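Everything below concerns the one structure shown next.
Here the structure is a predicted model, which is why all the values come from computation and not from measurement. Order of appearance sets the numbers: ligands from 1, and atoms from 1 within every ligand.
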Amino acid sequence: MTCRRGALIVLEGVDKAGKTTQCNKLVQALQDSGRQTEMMKFPERTTKIGQLINSYLENKSNLEDHTVHLLFSANRWELVPLMKEKLEQGINLVVDRYAFSGVAFTSAKPGFSLDWCMNPDMGLPKPDLVLFLQLSPSEAAQRGQFGTERYETTVFQKAVQQKFELLMKDPSVKWQVIDAARNIEDVHADIKNRSVDAIKAAENEPIGELWK
Ligand code: NYM
């Protein structure tokens with residue numbers, strides 16, 4: 001019998017939507033139901049490239065805008081061999097942010113087209129499901145103050161949200177919108193059901209290439 005591949009499931013959304021909480025809960029639930037599953041997150045701050053990104057996000061260094069965009073993309077590409085290896089071994093990957101954050105955040109800066117921003121990530125392993133955790137700026141504000149990292153302002157987050165909405169119009173990506181304003185358990189149950197369906201659908205499909 002050939003080994004069924006794992007599914008690549010991405011959670012996206014603006015800051016404070018609950019992505020990290022929901023990724024952790026999804027990984028746990030899939031593992032509890034006997035499915036091999038691991039979590040990844042981007043940026044992955046532990047690599048050399050990730051450390052440059054981390055210092056930029058923490059406002060400890062400045063990087064030119066195109067340069068940092070390419071570093072975020074390089075940070076995904078450097079993990080592609082590992083991702084493919086795991087998927088081929090039948091391990092599901094639940095990923096906290098991916099190329100969509102990359103494009104939404106950079107294209108929210110003046111002078112960046114969506115096309116330019118998408119280019120470096122073309123050909124990455126294509127997610128079998130992208131769950132967009134939808135939360136309005138006013139609901140996000142009720143969840144407390146933003147942190148102190150770069151990009152964590154209401155004005156910038158609104159621009160990012162608009163860019164995500166443009167990206168979600170692309171039918172080549174399997175987007176599903178999740179109402180993240182509900183309580184944690186309801187959001188989790190919804191995400192889990194959709195993920196289980198995606199895992200079954202991906203089992204016998206080859207891994208696709210994003211935006212190609
Ligand atoms: N971010 C994240 C980007 O600007 N480009 C990217 O490609 C990715 C993956 O980094 N504000 C931004 C979005 C977030 C920040 O935050 C990472 P966190 O809390 O580690 O997800």
Under 4.0 Å, heavy atoms only, figure out whether ligand 1 is touched by the backbone of T20, its side chain, both or neither. neither
Report, in ascending order of atom number, the atoms of ligand 1 lying under 4.0 Å from any heavy atom of P43. 2 (C), 9 (C), 17 (C)
Interfacing atoms of ligand 1 (cut-off 4.0 Å, heavy-atom, K41): 18 (P), 20 (O), 21 (O)
Apply the salt bridge (Lys or Arg N to Asp or Glu O under 4.0 Å) test between D128 and each candidate in K174, R194, R5; give the one that qualifies. R5
Ring centre gap for F105 and H69 strictly below 6.0 Å: no
Can you tell me if K19 uses its side chain to pair, donor with acceptor, with the backbone of R97 under 3.5 Å? no
Protein residue, atom and distance nearest to atom 2 (C) of ligand 1, heavy-atom basis: F72 CE2, 3.6 Å
Starting from atom 15 (C) of ligand 1, find the nearest protein heavy-atom neighbour and note its residue, name and distance. L57 CD1, 3.8 Å
Look at the aromatic rings of Y98 and F42 and report parallel, tilted or perpendicular, splitting at 30° and 60°. tilted
Out of E44, Q157, R97, who is nearest to atom 21 (O) of ligand 1 when you count heavy atoms only? R97
protein heavy-atom neighbour closest to atom 19 (O) of ligand 1 works out as R45 NH2, 4.1 Å
Could you see which bit of D96 sits under 4.0 Å from ligand 1, with heavy atoms only: side chain, backbone, both or neither? neither
Check each atom of ligand 1 against the heavy atoms of F42 and keep those under 4.0 Å away; list them by number with element. 9 (C)
Evaluate the criterion side-chain hydrogen bond (donor to acceptor under 3.5 Å, both in side chains) for residue pair Q28 and N24; output intermediate values, then yes/no. CA-CA 6 Å; Q28 191 63 53; N24 283 319; over 6 Å; no
To the nearest 0.5 Å, how far apart are NZ in K200 and OG in S195? 11.5 Å
Interatomic distance, L79 atom CG to E85 atom CD [nearest 0.5 angstrom]: 11.5 Å
With a heavy-atom distance limit of 4.0 Å, tell me whether A99 approaches ligand 1 through its side chain, its backbone, both, or neither. neither
Does any donor atom in the side chain of T37 or R35 lie under 3.5 Å from an acceptor atom in the other side chain? no
Would you please determine whether K19 falls within less than 4.0 Å of ligand 1 on a heavy-atom basis? no
Any N/O of R76 closer than 3.5 Å to an N/O of ligand 1? yes
